[in-house]
Amino acid sequence: MQKIINKEILEVQNLVKHFPIYTRGIFLKKQVGLIHAVDDISFSIKRGETFGLVGESGCGKTTTARSILYLDQPTSGKINFEGKEIITIFSSKNKEEKQKLRRKIQYVFQNPYASLDPRMTVADIITEPLTIHTSLPKKELYQKLYELLELVGLEPYHAERYPHEFSGGQRQRICIARALAVEPKLLIADEPVASLDVSVRAQILNLLKDLQQKFNTTYLYISHDLSTVRHLCNRVAVMYMGRIVELAETQELFDSPLHPYTKALLSSIPIPDPLAKKSRIILPGEVPSPINPPIGCRFETRCIYKKDQNCIKYPPKLVHIGKGHFVACEKTKKP
């Protein structure tokens with residue numbers, strides 16, 4: 001397991017991201033509603049750890065990551081990176097400070113087919129961030145390129161090829177090499193193996209672990225594949241409809257889930273044994289609309305523990321119940 005320094009490199013406080021909905025007219029447009037993508041979430045990531053963010057599609061995982069990098073401008077909240085409030089920096093006109101932050105925080109996108117420019121060679125793709133963020137001479141630039149290709153398991157002759165000439169796993173390796181080119185301190189991996197075959201997934205995950213041990217990089221790992229999360233992450237936060245409902249160390253979360261949504265999520269993990277029997281928790285009802293979410297607990301429309309009006313009227317707070325385990329549900333108690 002990667003050595004973790006007990007100091008936060010990233011702190012997210014009360015992050016909110018709403019997307020406005022407009023009616024289209026011939027001359028004017030009018031805002032008629034909001035999509036509550038992320039609603040008041042807080043968490044921190046320690047230097048050197050892998051922090052997992054899980055939940056079903058549409059729960060706000062990617063929006064959270066994009067808000068951290070200011071690819072989507074947050075509606076409100078604070079994000080501190082190495083003690084600096086980065087929303088203020090990204091929204092300022094100080095290009096030098098913004099460029100420093102971009103270098104320290106890099107992103108591996110979910111789709112390796114769409115995140116690489118088909119008109120650029122691998123050499124151009126990987127050296128582009130080096131050209132922007134460094135002043136390396138051409139000889140050193142290409143020396144760095146070949147080092148990065150070797151690091152992610154590709155050959156030097158791959159540098160002159162185009163993205164369409166590679167498999168999905170190789171493309172994702174190119175994306176990782178591009179992200180590592182400027183030696184970031186925080187790497188956001190947004191479902192990096194979701195579109196890959198199972199055998200290739202294992203290669204990419206092991207590559208990420210090896211790179212972390214070598215460079216002590218901190219990861220924010222986003223996924224809905226709980227098996228890969230268990231393999232890679234030190235701590236995990238579970239999101240439902242824009243809010244964190246449970247947060248704990250990985251082993252603690254998988255061994256003693258408390259929130260009913262987390263229990264249902266974990267029960268969906270397949271067991272590689274055709275004779276094994278496992279009871280699935282089938283949640284009733286449908287996921288509420290993010291345009292008009294429940295006033296209280298976001299999960300109350302599907303929850304088996306709902307007993308009174310408090311769940312409907314008041315959103316539960318994320319409460320620490322011991323051993324770094326947090327849960328946002330008043331009806332659950334640790335066994």
Side-chain angles (χ1 to χ4, degrees), residues 1-15 38-56 59-62 64-65 68 79-80 186 188-191 205 208-209 212 218-269 271 278-281 283 297-300 302-305 311 315-335:
M1 186 66 72
Q2 175 69 14
K3 183 180 179 182
I4 300 169
I5 300 173
N6 192 23
K7 184 179 180 182
E8 284 76 18
I9 189 172
L10 181 77
E11 294 179 272
V12 176
Q13 301 173 5
N14 307 111
L15 180 65
V38 177
D39 247 345
D40 194 21
I41 68 168
S42 300
F43 62 90
S44 62
I45 304 177
K46 297 175 183 177
R47 191 181 299 273
E49 83 167 333
T50 301
F51 185 88
L53 203 56
V54 305
E56 60 195 27
C59 69
K61 305 185 300 294
T62 296
T64 299
I68 290 171
I79 303 172
N80 294 318
L186 174 64
I188 300 175
D190 186 0
E191 302 197 29
L205 292 174
L208 290 172
K209 292 188 77 171
Q212 187 178 51
T218 305
Y219 290 154
L220 171 58
Y221 181 77
I222 298 169
S223 182
H224 56 254
D225 186 342
L226 296 171
S227 299
T228 64
V229 169
R230 189 170 195 172
H231 174 70
L232 199 65
C233 298
N234 303 103
R235 289 188 301 140
V236 181
V238 181
M239 288 189 71
Y240 182 79
M241 283 202 68
R243 288 182 179 166
I244 293 177
V245 296
E246 191 162 0
L247 192 159
E249 291 186 4
T250 305
Q251 199 61 43
E252 170 75 9
L253 186 81
F254 279 78
D255 290 344
S256 305
L258 298 181
H259 198 279
Y261 176 67
T262 307
K263 292 179 180 179
L265 209 59
L266 295 181
S267 76
S268 67
I269 302 175
I271 299 175
K278 184 177 181 180
S279 59
R280 286 282 307 275
I281 300 175
L283 296 174
C297 177
R298 295 285 168 89
F299 192 64
E300 59 92 3
R302 311 175 74 190
C303 183
I304 60 173
Y305 294 133
C311 295
K317 295 181 180 179
L318 201 63
V319 178
H320 184 223
I321 50 96
K323 294 183 179 180
H325 198 151
F326 297 80
V327 63
C329 182
E330 297 179 358
K331 302 303 176 183
T332 58
K333 294 181 180 179
K334 190 166 183 178

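Taking 4.5 Å as the limit, some side-chain heavy atom of H325 sits within range of a side-chain heavy atom of E246. Residues M239 and T64 form a side-chain contact, since some pair of their non-hydrogen atoms from C-beta on lies under 4.5 Å apart. At a threshold of 4.5 Å between non-hydrogen side-chain atoms, the residues L266 and T262 count as touching.
Qualifying side-chain contact (heavy atoms from CB on, under 4.5 Å) partners for D40, counting only residues two or more places apart in sequence or in other chains: N14, V16. In this view, A237 and F51, L53, I244, L247 satisfy the side-chain contact (heavy atoms from CB on, under 4.5 Å) rule, not counting sequence neighbours.
A distance-only check finds a donor-acceptor pair linking the side chain of S267 to the backbone of I281 [under 3.5 Å]. Listed for the T218 side chain is a donor-acceptor partner under 3.5 Å among the backbone atoms of G48.
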Applying side chain to side chain contact (heavy atoms under 4.5 Å, CB included) to L15 and F43, what does each step give before you reach the verdict? CA-CA 9 Å; L15 180 65; F43 62 90; 5.8 Å; no
Run the numbers on Y240 and L265 for side chain to side chain contact (heavy atoms under 4.5 Å, CB included), then give the verdict. CA-CA 11 Å; Y240 182 79; L265 209 59; over 6 Å; no
Hey, mind stepping through F299 and V245 against side chain to side chain contact (heavy atoms under 4.5 Å, CB included) and telling me if it holds? CA-CA 9 Å; F299 192 64; V245 296; 5.7 Å; no
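Residue-environment remark: CD (E249) stays at or below the threshold of 12 foreign heavy atoms within 6.0 Å.
Sorted by first and then second residue, the salt bridge (Lys or Arg N to Asp or Glu O under 4.0 Å) pairs with a member in residues 231-244 read E49-R235; sequence neighbours excluded.
The distance from atom OH of Y261 to atom SG of C59, rounded to the nearest 0.5 Å, is 6.0 Å. Taking CD1 of I9 as the reference point, atom CG of L186 lies at 6.0 Å (rounded to 0.5 Å). Separation of atoms CD1 (I269) and CG (L226) is listed at 4.5 Å; rounding is to 0.5 Å. Taken to the nearest 0.5 Å, the CD1 atom of I79 stands 5.5 Å off from the CD1 atom of I68. L208 contributes atom CG, which lies 9.0 Å from atom NE2 of H231 (distance to the nearest 0.5 angstrom). Atom OH of Y221 is separated from atom OG1 of T50 by 10.0 Å, given to the nearest 0.5 angstrom.
Closest of all the heavy-atom pairs between P316 and A328 is CG-O, 3.4 Å. The nearest pair of heavy atoms linking H259 to C329 is CD2-CB, 3.6 Å.
When the options K323, R230, K263 are evaluated for a salt bridge (Lys or Arg N to Asp or Glu O under 4.0 Å) with D255, the one that passes is R230.
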